[in-house]
Amino acid sequence: MTSLPRSLFVLSLFLLLALGCPENQAPVDDDGDGHDSDSDCNDDDPNIFPGSDEICDGVDNDCDGEIDEAAVDATTWYADHDGDGFGDPALSEEACTQPDLAVADDQDCDDTNDDIHPGADETCNDKDDDCDGDTDEDPVDPETYYEDADSDTYGDAASPVEACDPPNGYVEDDTDCDDTDPLTYPDAMEQCDGVD
């Protein structure tokens, strides 16, 4: 067996001492993000390191072992318990993906009733069906009332109005033939005055 010449042996030993053994080398920061390979969970990506902002990308950006938690670009989702497509502004959560029974819209004023939401038909029920802050305005099911100018409880068929409740001075009956005379109405006692 031939041995290395002494000068080659000395040179090899010098190089090993000068460069150090690989296991004794200091950790390196391959991606230049300020965190070396010992602490960085992905030293090939400068956007992934301990303390980085978590974003919705399916990756553990902050090296804490969790994915997409408390992401800075998460969507706010609102509970939609009645399934009408509109959420309760008082019940929300931040998440990257849409949770069950949640929507991105927060305009529901009653999340217990799927007939009540923005754009719903307003009906005569003393509720704000369309969540606009008004109750029973422009309902789809109004009653027709007639003006009773002479207060004899019979209205003038020529003076109708549609509403949920009778406005002041209006009645449901439209059979008054003279709404200026309180003594003239259906079934009134006939008098000898030349008037029906």
Side-chain angles (χ1 to χ4, degrees), residues 11-143 161-167:
L11 179 62
S12 297
L13 184 60
F14 174 75
L15 286 174
L16 282 175
L17 291 174
L19 296 176
C21 295
E23 62 271 1
N24 293 332
Q25 288 183 350
V28 294
D29 179 12
D30 288 333
D31 58 13
D33 60 9
H35 296 271
D36 62 44
S37 57
D38 283 350
S39 62
D40 197 336
C41 58
N42 185 342
D43 206 28
D44 294 324
D45 189 330
N47 297 313
I48 298 175
F49 56 86
S52 175
D53 285 335
E54 193 70 42
I55 59 173
C56 294
D57 61 358
V59 174
D60 179 13
N61 305 101
D62 58 7
C63 297
D64 67 352
E66 296 183 50
I67 294 174
D68 295 347
E69 84 289 352
V72 297
D73 59 345
T75 300
T76 303
W77 302 97
Y78 301 90
D80 180 20
H81 293 120
D82 59 13
D84 61 8
F86 297 88
D88 183 344
L91 299 173
S92 67
E93 69 176 289
E94 304 284 322
C96 291
T97 57
Q98 184 174 5
D100 290 338
L101 299 176
V103 293
D105 185 287
D106 68 345
Q107 300 299 308
D108 204 338
C109 56
D110 184 349
D111 199 37
T112 64
N113 187 333
D114 63 356
D115 291 327
I116 298 178
H117 56 78
D121 287 335
E122 194 69 43
T123 60
C124 292
N125 59 6
D126 294 322
K127 296 179 181 178
D128 180 12
D129 299 295
D130 57 7
C131 296
D132 67 352
D134 294 322
T135 300
D136 295 350
E137 82 288 355
D138 299 320
V140 296
D141 59 346
E143 297 289 335
V161 67
E162 291 190 338
C164 289
D165 298 304

Worksheet item: Within a strict 4.5 Å, meaning less than it, do heavy atoms of the His81 and Leu91 side chains meet?
Response: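 A side-chain contact exists here, since the closest heavy-atom pair is under 4.5 Å.
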Fill in: 4.5 Å side-chain heavy-atom contact, Ile48 and Asp60
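Contact flag for Ile48/Asp60 side chains = no.
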For the student: nearest non-hydrogen atoms of [X] and [Y], plus distance:
X	Y	value
Pro50	Asp40	CD-CA, 4.2 Å
Asp126	Asp136	N-OD2, 3.0 Å
Pro142	Val140	CD-C, 3.3 Å
Asp128	Cys109	O-SG, 3.7 Å

Worksheet item: What do the steps show when you test Asp36 against Asp43 for side chain to side chain contact (heavy atoms under 4.5 Å, CB included), and what is the final call?
Response: CA-CA 7 Å; Asp36 62 44; Asp43 206 28; 5.9 Å; no
Discussion item. Has Asp29 got a side-chain atom pairing as donor or acceptor with Gly34's backbone, closer than 3.5 angstrom?
Written reply: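 Confirmed, Asp29 side chain pairs with Gly34 backbone.
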For the atom pair [atom1] ([X]) and [atom2] ([Y]), what is the distance rounded to the nearest 0.5 Å?
X	Y	atom1	atom2	value
Asp57	Asp73	CG	CG	7.5 Å
Glu54	Cys96	CD	SG	7.5 Å
Asp110	Asp82	CG	CG	7.0 Å
Asn61	Asp68	CG	CG	7.0 Å
Asn42	Phe49	CG	CZ	12.0 Å
Asp108	Asp111	CG	CG	5.0 Å

Discussion item. I need the full list of side chain to side chain donor-acceptor pair (under 3.5 Å) pairs touching residues 83-101, with sequence neighbours left out, sorted by first then second residue.
Written reply: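 For residues 83-101, and leaving out neighbouring residues, the side chain to side chain donor-acceptor pair (under 3.5 Å) pairs sorted by first residue read Thr76-Glu94.
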Discussion item. Apply side chain to side chain contact (heavy atoms under 4.5 Å, CB included) to residues Ile67 and Val59 and explain how you reach the verdict.
Written reply: CA-CA 5 Å; Ile67 294 174; Val59 174; 5.7 Å; no
Worksheet item: Does atom CG of Asp138 have more than 12 heavy-atom neighbours from other groups under 6.0 Å away?
Response: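 No, because the 6.0 Å sphere around CG of Asp138 holds 12 heavy atoms or fewer from other groups.
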Fill in: Residues which pass side chain to side chain contact (heavy atoms under 4.5 Å, CB included) with Cys124, listed by chain and number, not counting sequence neighbours
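Cys124: side chain to side chain contact (heavy atoms under 4.5 Å, CB included) contacts with Pro139, Asp141, Cys164.
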Discussion item. Let's go through Asp129 and His117 carefully: what are the C-alpha distance in whole Å and the side-chain angles of both, what is the deciding distance for side chain to side chain contact (heavy atoms under 4.5 Å, CB included) to 0.1 Å, and is it a yes or a no?
Written reply: CA-CA 6 Å; Asp129 299 295; His117 56 78; over 6 Å; no
Worksheet item: Taking it one step at a time, do Glu137 and Asp132 satisfy side chain to side chain contact (heavy atoms under 4.5 Å, CB included)?
Response: CA-CA 10 Å; Glu137 82 288 355; Asp132 67 352; 2.6 Å; yes
